[in-house]
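Notes to accompany the following structure.
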2 protein chains.
Amino acid sequence: MPKNTFFNLPEEKRERIIEAALDEFAKNLYHNASITRIVDNSGIAKGSFYQYFEDKKDLFKYIVDLGGKKKTKYLEHVLTEIDNMNFFSLIRELFIAGIIFSKENPKLSNIGYNFANSTDEKLKQEIYGENVPKSNYMFKILLRKGIARGEINPDIDVGLVSQMITSLSISIIEYFFKEIRKTDDMEMLDLVDKMLFVLKNGIERN
Amino acid sequence: MPKNTFFNLPEEKRERIIEAALDEFAKNLYHNASITRIVDNSGIAKGSFYQYFEDKKDLFKYIVDLGGKKKTKYLEHVLTEIDNMNFFSLIRELFIAGIIFSKENPKLSNIGYNFANSTDEKLKQEIYGENVPKSNYMFKILLRKGIARGEINPDIDVGLVSQMITSLSISIIEYFFKEIRKTDDMEMLDLVDKMLFVLKNGIERN
DNA sequence: TCGTCATATGACTTTTAAGTCACATGACTA
DNA sequence: TAGTCATGTGACTTAAAAGTCATATGACGA
């Protein structure tokens with residue numbers, strides 16, 4: 001947790017520091033990111049930084065947490081509908097919310113994605129603590145509900161398929177940024193629907 | 001390219017250096033990996049290292065290339081069958097070959113995977129040069145052939161689906177290591193077939 | 001006006017890395 | 001045997017990072 005001094009700062013200054021940190025951590029993985037550069041780019045003194053944060057990890061955890069909370073905000077309205085919508089509609093809304101989050105918060109999204117994929121398990125433990133994000137787990141629950149309701153083929157391997165969907169949910173964001181970029185939202189919705197069609201029906205010609 | 005001195009080394013010593021480099025680069029991303037540790041762990045002097053390699057990048061490129069060539073060896077016998085096998089059999093063999101490569105070369109596989117996922121485009125350009133691996137592209141070709149042969153639903157978005165398959169081909173390796181680990185090969189084949197079933201038929205209950 | 005306290009500062013210390021270089025070694029040649 | 005050349009060496013140089021600390025500032029209350 002940042003120190004009180006950080007939260008006492010005038011908002012404009014706090015934003016400047018967060019912006020510089022987002023830039024730095026979006027461009028560099030944790031170990032390669034430089035506090036010196038963050039400090040230079042936000043126009044504060046090195047010493048001041050350590051008035052606001054315990055250390056580099058403290059800042060990084062703050063940023064990762066910001067991202068997690070913000071992403072949760074994008075997803076939560078979907079998850080309240082969990083008992084009112086069928087499986088594929090839920091997944092559709094989750095994918096869309098995920099894409100919009102990444103579109104509106106590209107740096108936060110990038111930082112979270114890179115960190116989640118990093119292999120430094122010790123650092124992950126320190127940063128995530130109890131809050132390890134497990135989208136796998138969420139999809140497992142949704143799949144089980146879907147099977148119970150008769151929407152999903154009960155013969156599937158739920159563990160494997162939830163991993164597949166997790167991986168597709170990331171993949172669609174990558175594809176979106178790589179191939180579509182400055183699109184109108186219609187194209188994005190079209191992409192999501194195409195992916196869901198494949199997930200529903202497969203690609204074999206019948 | 002390593003210098004001639006490196007290739008003139010007795011095999012045992014060369015292997016020691018490669019082993020130490022694999023360890024280091026598998027544990028740490030490029031920027032965080034330490035030549036000093038590689039040198040210590042392989043029992044050679046710092047100065048000797050620079051007799052063998054131009055610099056850190058030279059070694060890393062050599063290791064990444066090793067991985068690429070080795071992986072190609074695992075895949076190439078499948079690709080010679082491209083006109084004799086149907087789409088799903090080809091994909092099946094490619095997935096299996098990929099898993100076996102990762103199983104038999106976990107460090108090389110890890111290094112390649114992490115590097116391919118890294119965001120340092122400048123470094124990627126320097127390391128890959130012309131040889132940027134594009135498994136997407138391979139799947140695109142296979143999909144087009146599959147559509148031409150009437151095996152694949154012609155309405156799919158080939159670009160999107162090839163991205164999906166690329167992502168699944170990585171996902172299955174992750175799942176294999178996470179959930180199955182010390183398996184007999186039957187379990188692995190079962191996993192591949194389950195994933196392919198979903199890709200073929202989707203998960204919706206009919 | 002004076003004193004106090006939270007905040008601001010940047011030169012400094014320490015650590016760790018990549019890469020260099022003057023010199024050592026030892027096998028093979030004339 | 002003497003000389004040469006490829007190879008081996010580790011202390012050294014340079015660079016860049018995280019984190020520290022003695023000191024400065026300035027707002028506010030008495």
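Within every chain, numbering begins at 1; the chains are lettered A, B, ... in the order of the sequence lines, protein sequences first and strands thereafter.
Seen from the ring of B:Phe88, B:Lys200 counts as a face-on cation partner, given the 6.0 Å and 45° thresholds.
Contacts between residues 10-17 of chain B and DNA chain D, defined by a heavy-atom separation under 4.0 Å, are made by B:Lys13.
Rounded to an integer number of Å, the gap from B:His31 NE2 to D:dA17 P is 12 Å. Computed from coordinates, the A:Lys56 NZ to D:dT20 P distance equals 14 Å when rounded to whole Å. The nearest whole Å value for the distance from the CZ atom in B:Phe49 to the P atom in D:dC12 is 22 Å. For A:Phe7 and C:dA6, the CZ to P distance is 18 Å, given to the nearest whole Å. Distance NZ (B:Lys3) to P (D:dG8): 12 Å, rounded to an integer number of Å. In this structure, B:Leu9 places its CG atom 15 Å from P of C:dA27, rounding to the nearest Å. When rounded to the nearest whole Å, the span between CG of B:Asn32 and P of C:dA18 equals 10 Å. Rounded to whole Å, the distance from CG on A:Leu123 to C1' on D:dA18 is 15 Å.
Using modelled atom types, no side-chain atom of A:Asp190 and backbone atom of A:Met186 make a donor-acceptor pair closer than 3.5 Å. Here the side chain of A:Asp185 pairs no donor or acceptor atom with the backbone of A:Met188 at under 3.5 angstrom.
Classification of B:Lys70 and B:Glu104 as a salt-bridged pair fails, no side-chain N sitting under 4.0 Å from a carboxylate O. Residues A:Lys27 and A:Asp23 are not paired through a salt bridge, judged by the lack of any N-O separation under 4.0 Å between the basic side chain and the carboxylate. A salt bridge links A:Asp65 with A:Lys61: the closest approach of a Lys/Arg side-chain nitrogen to an acidic carboxylate oxygen falls below 4.0 angstrom.
If you check every strand for non-hydrogen atoms under 4.0 Å, A:Tyr52 touches sugar and phosphate atoms only.
The side chain of A:Thr36 contributes no N or O atom lying less than 4.0 Å from OP1 or OP2 of D:dA16. Dashed line: the shortest gap from a side-chain N or O of B:Arg37 to OP1 or OP2 of C:dA17 is under 4.0 Å. Here B:Tyr50 reaches the OP1 or OP2 of C:dG19: one of its side-chain N or O atoms lies under 4.0 Å away.
In summary, the side chains of B:Asn114 and B:Tyr30 do not present any donor paired with an acceptor at a separation below 3.5 Å, with no hydrogens or angles considered. A:His31 and B:Asn28 are not linked by any side-chain donor-acceptor pair at a separation below 3.5 angstrom, with hydrogens and angles left out of the test. Between A:Asn86 and A:Ser89, the side chains place a donor N or O and an acceptor N or O closer than 3.5 Å (distance only, hydrogens not considered).
Between B:Gln51 and B:Asp55, it is B:Asp55 whose nearest contact on DNA chain C lies nearer the 5' terminus.
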Between protein and nucleotides 10-14 of chain C, what N or O pairs are separated by less than 3.5 Å?
unit_1 : atom_1 : unit_2  : atom_2 : d
C:dG10 : N7     : A:Gly47 : N      : 3.3
C:dG10 : O6     : A:Gly47 : N      : 3.2

Could you write out each protein N or O paired with an N or O of nucleotides 4-6 of chain D at a distance under 3.5 Å?
none

- Could you walk me through whether B:Asp58 and B:Tyr52 pass the side chain to side chain donor-acceptor pair (under 3.5 Å) check? CA-CA 10 Å; B:Asp58 189 25; B:Tyr52 309 146; over 6 Å; no
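When every heavy atom of A:Leu90 is checked against every heavy atom of A:Val78, the shortest pair comes out as CD2-O, 3.8 Å.
In this structure, NZ in B:Lys194 is found 7.0 Å from OH in B:Tyr175, a value given to the nearest 0.5 Å.
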